[in-house]
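Please read the structure below before turning to the comments.
To find a chain, count down the sequence lines: A is the first, B the second, and so on, and within it residues start at 1.
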Amino acid sequence: AQTVTQSQPEMSVQEAETVTLSCTYDTSENNYYLFWYKQPPSRQMILVIRQEAYKQQNATENRFSVNFQKAAKSFSLKISDSQLGDTAMYFCAFMKHNNNDMRFGAGTRLTVKP
Amino acid sequence: IAGITQAPTSQILAAGRRMTLRCTQDMRHNAMYWYRQDLGLGLRLIHYSNTAGTTGKGEVPDGYSVSRANTDDFPLTLASAVPSQTSVYFCASKREGRYNEQFFGPGTRLTVL
């Protein structure tokens, strides 16, 4: 079974600074997808960024980027120029290709301080 | 309706009672999912449906049942609620195509006493 580990239960960062959230996963699959979801206090789950395992290029969405290391099974999220609105729980998730079972990590609570 | 709606927003329920959580999407997605979110455990898949008329078990299906009579609706039923089913429940649907992105509803907070 696939497992997803987020080793940082809580993190904080100063506004405008950069922060990196860690995620590792365990799988024997070669073709899969990785995601970072954001859950603000409103409870809504919002997709931040996605990565396809067959792509070597790291995904980027505005201030959010990932460092995908397939051999190391690592998928970290970097948030640049942190904003107060980035305060939220962040979940890393893994899903095999053509499969319905998305596995989530336990989450990292990020606080952006003014 | 835009996206996924869930009802109720929150509910307090006596143990042993039957409860159905409702989920409706208007995006015509074929695949739908039910997750529960518990502190320190992230989200765990309860049941899923690839298309109307089919359902499957996820990681934690015991004590729950689902049905998928049409594309839009995917209700989750607790036949006889127990306190360990106290959780936040999320319904999701998946966009077809290469990215397999899941869209989530706003969640239902359920407390079983």
So do the side chains of B:Lys94 and A:Met102 get within less than 4.5 Å of each other, counting heavy atoms only? no
On a heavy-atom basis, which atom in B:Thr9 and which in A:Arg43 lie closest, and how many Å separate them? O-NH2, 3.4 Å
Within a radius of less than 6.0 Å around CG of B:Leu39, do more than 12 heavy atoms belonging to other residues, nucleotides or ligands occur? no
With a 4.5 Å heavy-atom cut-off (strictly below), which parts of residues 103-113 of chain B touch chain A? List them by number. B:Phe104, B:Gly105, B:Pro106, B:Gly107, B:Thr108, B:Arg109
Are A:Leu21 and A:Phe68 connected into the same hydrophobic cluster when the rule is that any two of I, L, V, M, F, W, Y join if their side-chain heavy atoms are below 4.5 Å apart? yes
Is there a path of hydrophobic side-chain contacts, each under 4.5 Å between heavy atoms of I/L/V/M/F/W/Y residues, joining B:Ile12 to B:Leu21? no
CD of B:Glu101 to OH of A:Tyr33: how many Å apart, nearest 0.5 Å? 12.5 Å
With a 4.5 Å cut-off on side-chain heavy-atom distances among I, L, V, M, F, W and Y, is there a chain of contacts connecting B:Tyr48 to B:Trp34? no
In this structure, are over 12 heavy atoms from other groups packed under 6.0 Å from A:Arg109 atom CZ? no
If you count heavy-atom pairs within less than 4.5 Å of chain A, which of B:Leu41, B:Leu43, B:Asp38 leads? B:Leu43
Using heavy-atom distances under 4.5 Å, tell me whether A:Gln39 contacts chain B through its side chain, its backbone, both, or neither. side chain
Where do B:Gly40 and A:Ala106 come nearest, in terms of heavy atoms and distance? O-CB, 3.3 Å
Checking B:Leu45 against chain A: side chain, backbone, both or neither under 4.5 Å from a heavy atom? side chain
Is it the case that more than 12 heavy atoms not belonging to A:Lys78 sit under 6.0 Å from its NZ atom? no
If the contact rule is any heavy atom under 4.5 Å from chain A, which residues of residues 56-92 of chain B qualify, in numerical order? B:Glu59, B:Val88, B:Phe90
With clusters defined by side-chain heavy atoms of hydrophobic residues (ILVMFWY) lying less than 4.5 Å apart, directly or transitively, does A:Phe94 cluster with A:Phe64? yes
Is the closest side-chain heavy-atom distance between B:Gln102 and A:Tyr37 below 4.5 Å? yes
Same apolar cluster: A:Met45 and B:Tyr35, side chain cutoff 4.5 Å: yes
